[in-house]
Protein chains: 2
Amino acid sequence: MLNEKIKLFKALSDPNRLRILKMLQLKPLCVCEVTSLLNLATSTVSKHLHILKEAGFITEKKDGKWVYYYINNNPADKRVNRILMELDFWISDNQQIISDINKIEELDKQLACTP
Amino acid sequence: MLNEKIKLFKALSDPNRLRILKMLQLKPLCVCEVTSLLNLATSTVSKHLHILKEAGFITEKKDGKWVYYYINNNPADKRVNRILMELDFWISDNQQIISDINKIEELDKQLACTP
DNA sequence: GATATATTTCGTTAAATAACGAAATGAGAT
DNA sequence: ATCTCATTTCGTTATTTAACGAAATATATC
């Protein structure tokens, strides 16, 4: 079904989801860290992560109390792999992305994941 | 702006627009031909074509009474070029697309573009 | 210039999407 | 077993998107 093929493009059609992908390429992050970086409601972030996972871009793994999200290193869909490999080609030179990456460096998990 | 980068993915996030791209790769078509093939309202098709044009995938050229749409051979955005070059990679093996292509072969312009 | 006809624009409707906060869930820590 | 959080689900709202038909526009042809 053509609608199935499109899922991938739809997943990439949101600024926040692209930001998440780039973040996770730097290192795996738990939901609360991503939430802190995007400054969105946790429920919203959770949904974005779900969409990215369904499309095959990311995977999750529990670690202690937290669920960490990872870039998927073994995507079933070769197109997903291509996009992940060439992500910079598709969303290069973006100020928002650069700022995100800087924030990740100085991210204090203790602070980000405690109310 | 990240929203600008996304325009390309959004343009690809619709089944009918992907069908149009593949059709035009076979040969240029006027709006009424595309309309006849997609079986949608002409106004709807016109909008899809506009979105594809805005994203840089296609160009238009008047010929007689008709406006013909072409795959853009000189996209300003290198990403657009990549997608056009590798379109089969992104939407391969789709029954709908195959059926469209068959219909184009036996398309009678006279019939398609006259009420 | 008038007419016929293809195409675009406009206004509306229905469906999909993104966001929020609150409530429910689930898994580790006590 | 209970408690404590992080996470997900639910219900709602606002925005965006896709579709239609009717009306407006534009352009060959007569």
Side-chain angles (χ1 to χ4, degrees), chain A residues 1-4 6-20 24 28-55 58-70 107-115, chain B residues 1-4 6-20 24 28-55 58-70 107-115:
Chain A
M1 196 45 188
L2 207 36
N3 271 321
E4 194 59 27
I6 285 174
K7 194 158 73 172
L8 189 143
F9 295 124
K10 282 196 192 258
L12 297 170
S13 291
D14 182 275
N16 291 320
R17 287 198 288 271
L18 291 183
R19 290 171 68 189
I20 292 174
L24 296 184
L29 297 167
C30 67
V31 179
C32 55
E33 286 175 309
V34 177
T35 301
S36 158
L37 288 159
L38 292 183
N39 210 28
L40 291 174
T42 56
S43 55
T44 304
V45 171
S46 178
K47 196 170 181 194
H48 282 312
L49 290 167
H50 182 76
I51 290 170
L52 287 172
K53 194 175 67 173
E54 280 301 301
I58 61 177
T59 59
E60 58 176 320
K61 202 168 100 186
K62 269 215 112 82
D63 180 9
K65 291 198 283 186
W66 297 281
V67 175
Y68 277 83
Y69 282 88
Y70 297 74
L107 180 70
D108 185 340
K109 169 151 171 65
Q110 183 67 21
L111 209 68
C113 298
T114 315
Chain B
M1 194 49 190
L2 208 37
N3 270 322
E4 193 59 25
I6 285 174
K7 194 159 71 172
L8 190 143
F9 296 125
K10 282 197 193 259
L12 297 170
S13 290
D14 182 275
N16 290 320
R17 288 198 287 272
L18 292 182
R19 290 172 69 189
I20 292 173
L24 295 184
L29 298 167
C30 67
V31 180
C32 56
E33 286 174 310
V34 176
T35 302
S36 157
L37 287 159
L38 291 183
N39 211 28
L40 290 174
T42 57
S43 55
T44 304
V45 172
S46 177
K47 195 172 181 193
H48 282 312
L49 290 167
H50 181 78
I51 290 170
L52 287 172
K53 193 176 66 173
E54 279 303 300
I58 61 177
T59 58
E60 59 177 318
K61 202 169 99 186
K62 269 214 111 80
D63 182 8
K65 295 196 281 186
W66 298 280
V67 174
Y68 275 82
Y69 282 88
Y70 297 73
L107 180 69
D108 184 340
K109 169 149 172 62
Q110 182 67 21
L111 209 69
C113 297
T114 315

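Here is the naming used below: chain letters follow the sequence lines, and residue numbers restart at 1 for every chain. In what follows, every heavy atom counts, from backbone to side chain, and hydrogens, waters and symmetry copies are set aside.
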Asks: Compare every heavy atom of A/Asn16 with every heavy atom of A/Leu40, then report the nearest pair and how far apart it is.
Replies: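 Closest approach of A/Leu40 to A/Asn16, heavy atoms only: CD1-ND2, 3.5 Å.
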
Asks: Answer yes or no: is there a side-chain heavy-atom contact under 4.5 Å between B/Leu29 and B/Leu37?
Replies: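 Yes, close enough: below the 4.5 Å cut-off.
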
Asks: Just to verify, what does B/Cys32 make a disulfide (SG to SG under 2.5 Å) with, not counting sequence neighbours?
Replies: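 Testing B/Cys32 for disulfide (SG to SG under 2.5 Å), a comparison that skips the adjacent residues, returns B/Cys113.
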
Asks: In whole Å, I'd like the distance from the CZ atom of A/Phe9 to the P atom of D/dT17.
Replies: 17 Å

Asks: How would you label the contact of A/Tyr69 with the nucleic acid (heavy atoms, under 4.0 Å): base, sugar-phosphate, or nothing?
Replies: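 If one applies the 4.0 Å heavy-atom cut-off, A/Tyr69 turns out to touch the sugar-phosphate alone, with no base involved.
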
Asks: Nearest 0.5 angstrom please: A/Leu52 CG to A/Leu8 CG, how far?
Replies: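 If I round to the nearest 0.5 Å, the distance is 10.5 Å.
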
Asks: Is the phosphate of C/dA19 approached by A/Thr44 (side-chain N or O, under 4.0 Å from OP1 or OP2)?
Replies: no

Asks: Return the 5'-most residue of the pair A/Trp66, A/Asn39 with respect to DNA chain C, ranking by each residue's nearest nucleotide.
Replies: A/Asn39

Asks: Send over the distance from B/Glu60 CD to C/dT7 P, rounded to a whole Å.
Replies: 11 Å

Asks: With sequence neighbours excluded, what pairs up with A/Lys53 under the side chain to side chain donor-acceptor pair (under 3.5 Å) test?
Replies: A/Glu60

Asks: Would one find a side-chain N or O of A/His48 under 4.0 angstrom from OP1 or OP2 of C/dA19?
Replies: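 Checking A/His48 against C/dA19: at least one side-chain N or O falls below 4.0 Å of OP1 or OP2.
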
Asks: Sequence neighbours excluded, which residues qualify as salt bridge (Lys or Arg N to Asp or Glu O under 4.0 Å) partners of A/Lys7?
Replies: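 Here the qualifying residues are A/Glu4.
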
Asks: Name all residues meeting the side chain to side chain donor-acceptor pair (under 3.5 Å) criterion together with B/Ser13; count only those two or more places apart in sequence or in a different chain, and write none if there are none.
Replies: A/Ser13

Asks: In whole angstrom, give the distance that lies between atom CG of A/Leu38 and atom C1' of C/dA18.
Replies: 13 Å

Asks: What is the distance from CG of A/Leu40 to C1' of C/dA19, rounded to the nearest Å?
Replies: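 Whole-Å distance recorded here is 8 Å.
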
Asks: Without decimals, in angstroms, what is the distance between B/His50 NE2 and C/dC10 C1'?
Replies: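 B/His50 atom NE2 is separated from C/dC10 atom C1' by 14 Å.
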
Asks: Distance check, rounded to the nearest 0.5 Å: A/Leu38 atom CG versus A/Ile20 atom CD1?
Replies: 5.0 Å

Asks: Can you name the atoms? Protein N/O to nucleotides 1-3 of chain C N/O, anything below 3.5 Å, with the distance.
Replies:
none

Asks: Nearest heavy-atom pair of A/Tyr69 and A/Ile58: which atoms, and what distance?
Replies: CD2-CD1, 3.6 Å

Asks: A/Asp63 and A/Tyr68: which non-hydrogen atoms are nearest, and at how many Å?
Replies: CB-CD1, 3.8 Å

Asks: Excluding sequence neighbours, so at least two apart, what forms side chain to side chain contact (heavy atoms under 4.5 Å, CB included) with A/Asn3?
Replies: A/Met1, A/Ile6, B/Pro15

Asks: Rounded to whole angstrom units, what separation is found between the CD atom of B/Glu54 and the C1' atom of D/dT17?
Replies: 16 Å

Asks: Between the axis at one end of the helix from C/dG1-D/dC30 to C/dT30-D/dA1 and the axis at the other (five pairs apiece), what's the angle to 10 degrees?
Replies: 30°

Asks: Using atom CG of A/Leu52 as one end and atom P of D/dT8 as the other, report the distance to the nearest whole Å.
Replies: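 About 13 Å, once rounded to whole Å.
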
Asks: Scan for side chain to side chain donor-acceptor pair (under 3.5 Å) pairs involving residues 29-48 of chain A, sequence neighbours excluded, and state none if there are none.
Replies: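 Applying side chain to side chain donor-acceptor pair (under 3.5 Å) to every pair that reaches into residues 29-48 of chain A, excluding sequence neighbours, yields A/Arg17-A/His48.
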
Asks: Show me the protein contacts with nucleotides 11-17 of chain C, counting only N or O atoms at under 3.5 Å.
Replies:
from   : atom 1 : to      : atom 2 : distance (Å)
C/dT17 : OP1    : A/Lys10 : NZ     : 3.4

Asks: How close or far is atom C1' of D/dT17 from atom CD1 of B/Ile6, stated in whole angstroms?
Replies: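 One finds 15 Å between C1' of D/dT17 and CD1 of B/Ile6, rounded.
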
Asks: Could you tell me which residues satisfy side chain to side chain donor-acceptor pair (under 3.5 Å) with A/Asp14, sequence neighbours excluded, listed by chain and number?
Replies: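 Side chain to side chain donor-acceptor pair (under 3.5 Å) check on A/Asp14 returns nothing, list empty.
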
Asks: For every nucleotide of nucleotides 22-30 of chain D, 5' to 3': is a protein heavy atom under 4.0 Å from its base (B), only from its sugar-phosphate (S), or from neither (-)?
Replies: -----SS--

